[in-house]
Amino acid sequence: MWSSLARNRPWILNLNCVSVGFRRFPVVERRWRLDCSTAENGGSGVGLSQSLPTDLEVATAFAERKKREGSVRGFGLRVIESTKGSDSWVDDPITRHVISLFIDKEGNGDKFLVWPLVLHVKGLYCILVLPLVEPRHLLTYGRMMKRSDCGNSISVEESLSSSLLELPSITGAFMVAHAIGDVITGDLVEPEVVVSPTPSVGGLLDSLTGSIGIPSISARAKPVAAPVATSTMSGSAMIGVIASDAPKISSRLADKDAVRNFICSAMPFGTPLDLNYFNISSMRANGFSASDMPPGDLKQPAWKPYLYKGKQRILFTIHEIVNAAMYDRDEIPDSISISGHVSCRAELEGLPDVSFPLTGLSTSHIEVLSFHSCAQVSEHGVDKQAMLFSPPLGNFVLMRYQAFCGLGPPIKGFYQLSMVSEDEGAFLFKLRLMEGYKAPLTMESCTLTMPFPRRRVVSFDGNPSIGTISVTEHSVEWKIIASGKSISGKSVEATFPGTVKFAPRTTQRSFYKSGTSNASIAEEDSDIEPESSNNVANIEEFLMEKMNKDLPSVELEEPFSWQAYNYTKVSFKIVGASLSGMSIDPKSVTIYPSVKAPVEFSTQVLSGDYILWNTLGKCPFVASTKE
């Protein structure tokens with residue numbers, strides 16, 4: 001079985017399926033040729049090629065797949081348009097992210113299969129990463145693509161789920177694809193580590209020493225060899241986000257040399273060692289100093305190319321994102337989930353190990369756990385795990401998890417919108433905030449937004465019981481909790497009745513060319529000014545038009561488009577504790593070799609896709625199967 005950091009081969013394509021970058025690794029290709037020479041076909045009917053495809057061959061095959069599957073990602077499920085031997089024939093949604101290509105190497109129609117290709121779409125680019133797997137796994141997938149039955153039942157002899165469980169290298173390929181995508185688009189931001197406003201020992205010393213001009217204990221980490229001035233912060237400035245001293249990257253597209261240099265440095269010989277762009281940038285810019293090397297008996301990990309020097313401390317921050325779909329209907333249950341991660345910044349000299357117990361996992365309703373490559377986790381039971389890690393330099397995500405919200409939704413209630421005429425709607429909100437939540441949980445902000453992407457708001461009337469209202473051309477925003485105010489230790493009820501008037505509708509025509517028919521021409525009601533001819537063939541507009549006319553959603557690639565329904569999006573921020581129950585006790589954190597360093601812990605909960613669906617309108621939902 002290959003490790004999760006097996007060798008990979010990346011390609012970068014634009015949305016026109018033109019290759020704009022790729023990287024060959026001869027070591028990977030030699031290993032593949034060796035495995036293929038001893039592999040047997042196994043009756044799959046799939047040809048094996050000992051040579052990997054070129055960038056032009058990949059781009060051509062990707063364009064053919066896009067045409068065959070209907071879009072860049074494809075259907076993911078077996079539909080009428082699916083053909084035997086395609087990804088959608090396998091009938092599993094994962095085939096939208098782990099795809100296959102048929103390469104015509106000789107140009108004579110005799111094609112061979114390339115799988116598993118991890119597909120990541122970022123901005124205007126498609127990143128494909130091919131992890132090294134054994135030929136038998138490829139042949140197994142080839143047989144799945146020609147099965148007469150559909151579905152991905154675990155009980156069958158060969159299933160995609162069981163195959164992927166044997167391929168942890170796909171996880172590494174996803175990491176590589178996401179890292180390359182961030183570099184290409186310039187979307188490079190280090191994880192936030194928020195310092196708790198509660199004074200710790202270090203914070204108290206900072207306030208005392210900072211007032212008399214002594215550098216604070218919260219001096220930031222900096223590479224030993226980096227000629228960068230160390231930033232210092234007084235105790236009063238500690239509340240906020242701790243940033244790294246690594247070079248800040250602007251949000252712009254990177255050039256080919258920057259992407260190529262990142263791939264060569266991050267994954268020499270095709271094996272990813274360190275995908276942290278900031279570490280790689282520091283190494284390329286500053287090099288290394290021989291004066292501060294670790295002791296000979298210690299091995300310096302790839303994720304910590306430089307050693308920290310300065311005052312020592314450890315910061316932990318739990319970040320949680322709450323996603324919810326609130327229906328207020330008897331026949332549709334509400335849905336709420338939490339995705340979270342623990343960010344860490346360990347300002348420790350040398351190469352120490354840090355350990356602490358993870359307790360209360362069952363009571364915290366934790367479903368999925370994944371850890372940074374620097375961490376080792378020993379399983380002691382369902383409710384308790386011990387974690388040991390050798391921390392990198394700067395901010396990093398120590399662990400990620402999925403969980404249920406044990407406290408219930410922080411915002412309950414309903415939203416109703418009814419059109420009393422063609423151009424006027426009456427709405428009503430009735431909400432309860434922080435019901436059942438106790439201190440120290442504090443809601444610092446809360447805003448509701450009613451979007452009307454297909455109508456233009458001309459007037460509005462209504463008075464909420466709490467908060468303020470602002471109106472834009474296509475939305476109404478209700479700010480329940482303004483900045484500087486908060487709710488803690490109590491529940492608050494908020495109501496908001498009102499009416500909203502829209503501009504009269506006009507008629508415009510839109511054109512859309514589907515993959516299975518000629519150009520479709522349809523009348524469309526809208527009060528938005530007609531767009532130029534370059535924008536009328538817009539799949540999103542055609543999607544909303546079809547949904548507004550109550551045509552069957554199964555004909556559409558994205559049947560659950562939000563813009564086809566009436567909903568309100570909720571945005572909020574909660575501090576003081578996590579909603580899942582995940583927590584870290586600073587007193588249980590152990591450092592070896594032993595060193596005196598304060599440990600600080602904080603939490604931050606933000607809303608993700610927190611949606612209140614219109615109780616009186618149509619809404620998308622997933623029907624549960626009855627066993």
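What you see below is based on every heavy atom in this structure, not just the backbone, and it leaves out hydrogens, waters and symmetry mates.
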Check: For the side chain to side chain contact (heavy atoms under 4.5 Å, CB included) test, which of V114, I12, I99, I180 pairs with L128?
Finding: I99

Using a 3.5 Å distance criterion without hydrogens, assess whether the side chain of [X] forms a donor-acceptor pair with backbone atoms of [Y].
{"X": "T60", "Y": "L56", "answer": "yes"}
{"X": "S71", "Y": "G74", "answer": "yes"}
{"X": "D91", "Y": "R78", "answer": "yes"}
{"X": "T95", "Y": "D92", "answer": "yes"}
{"X": "E69", "Y": "K66", "answer": "no"}
{"X": "T83", "Y": "S86", "answer": "no"}
{"X": "Q300", "Y": "P305", "answer": "yes"}

First locate atom [atom1] of [X], then atom [atom2] of [Y], and finally report the distance between them rounded to the nearest 0.5 Å.
{"X": "S337", "Y": "I321", "atom1": "OG", "atom2": "CD1", "result": "11.0 Å"}
{"X": "S373", "Y": "M175", "atom1": "OG", "atom2": "CE", "result": "6.0 Å"}
{"X": "K111", "Y": "L101", "atom1": "NZ", "atom2": "CG", "result": "10.5 Å"}
{"X": "S169", "Y": "E134", "atom1": "OG", "atom2": "CD", "result": "9.5 Å"}
{"X": "D104", "Y": "E57", "atom1": "CG", "atom2": "CD", "result": "8.5 Å"}
{"X": "Q376", "Y": "C374", "atom1": "CD", "atom2": "SG", "result": "9.5 Å"}

Min side-chain heavy-atom separation [X]-[Y] under 4.5 Å:
{"X": "H137", "Y": "E166", "answer": "yes"}
{"X": "F316", "Y": "R345", "answer": "no"}
{"X": "V397", "Y": "V342", "answer": "no"}
{"X": "W11", "Y": "V129", "answer": "no"}
{"X": "M582", "Y": "H341", "answer": "no"}
{"X": "N323", "Y": "Y610", "answer": "no"}
{"X": "V118", "Y": "H97", "answer": "no"}
{"X": "L164", "Y": "I94", "answer": "yes"}

Scan side-chain atoms only and decide if [X] and [Y] contain a donor-acceptor pair under the 3.5 Å cut-off.
{"X": "E192", "Y": "H319", "result": "no"}
{"X": "E320", "Y": "Y401", "result": "yes"}
{"X": "S339", "Y": "Q402", "result": "no"}

Item checked: Pairs where residues 261-271 contributes a residue and the test salt bridge (Lys or Arg N to Asp or Glu O under 4.0 Å) is met, not counting sequence neighbours -> none

Checklist line | Full working for side chain to side chain contact (heavy atoms under 4.5 Å, CB included) between V98 and F174 | finding: CA-CA 9 Å; V98 182; F174 271 108; 4.0 Å; yes

Can you name the closest pair of heavy atoms from [X] and [Y] and give their distance?
{"X": "P116", "Y": "P131", "result": "O-CD, 3.0 Å"}
{"X": "I338", "Y": "F404", "result": "CD1-O, 3.9 Å"}
{"X": "P272", "Y": "L275", "result": "CB-CD2, 4.1 Å"}
{"X": "L398", "Y": "C344", "result": "CB-CB, 4.5 Å"}
{"X": "P391", "Y": "F389", "result": "CD-O, 3.5 Å"}
{"X": "V72", "Y": "R65", "result": "O-NH1, 3.0 Å"}

Margin query: Determine whether V193 and S343 satisfy the following criterion, side chain to side chain contact (heavy atoms under 4.5 Å, CB included), listing intermediate values before the conclusion.
Written below: CA-CA 6 Å; V193 177; S343 297; 4.0 Å; yes

Note to self: Measuring centre to centre across the rings, with the benzene-like ring taken for any Trp, is H372 within less than 6.0 Å of F396?
What the structure shows: yes

Next item on the list: In sequence, state the C-alpha distance, the side-chain angles, and the governing distance for F62 and L119, and then conclude on side chain to side chain contact (heavy atoms under 4.5 Å, CB included).
Entry: CA-CA 11 Å; F62 188 73; L119 169 63; 4.2 Å; yes

Notebook entry, point to check: Among all residues two or more places apart in sequence or in another chain, which pass the side-chain contact (heavy atoms from CB on, under 4.5 Å) test with S100?
Noted result: D87, L113, W115, Y141, M145

Checklist line | M399/L369 under side chain to side chain contact (heavy atoms under 4.5 Å, CB included): CA gap, chis, key distance, verdict | finding: CA-CA 7 Å; M399 58 178 287; L369 279 170; 3.0 Å; yes

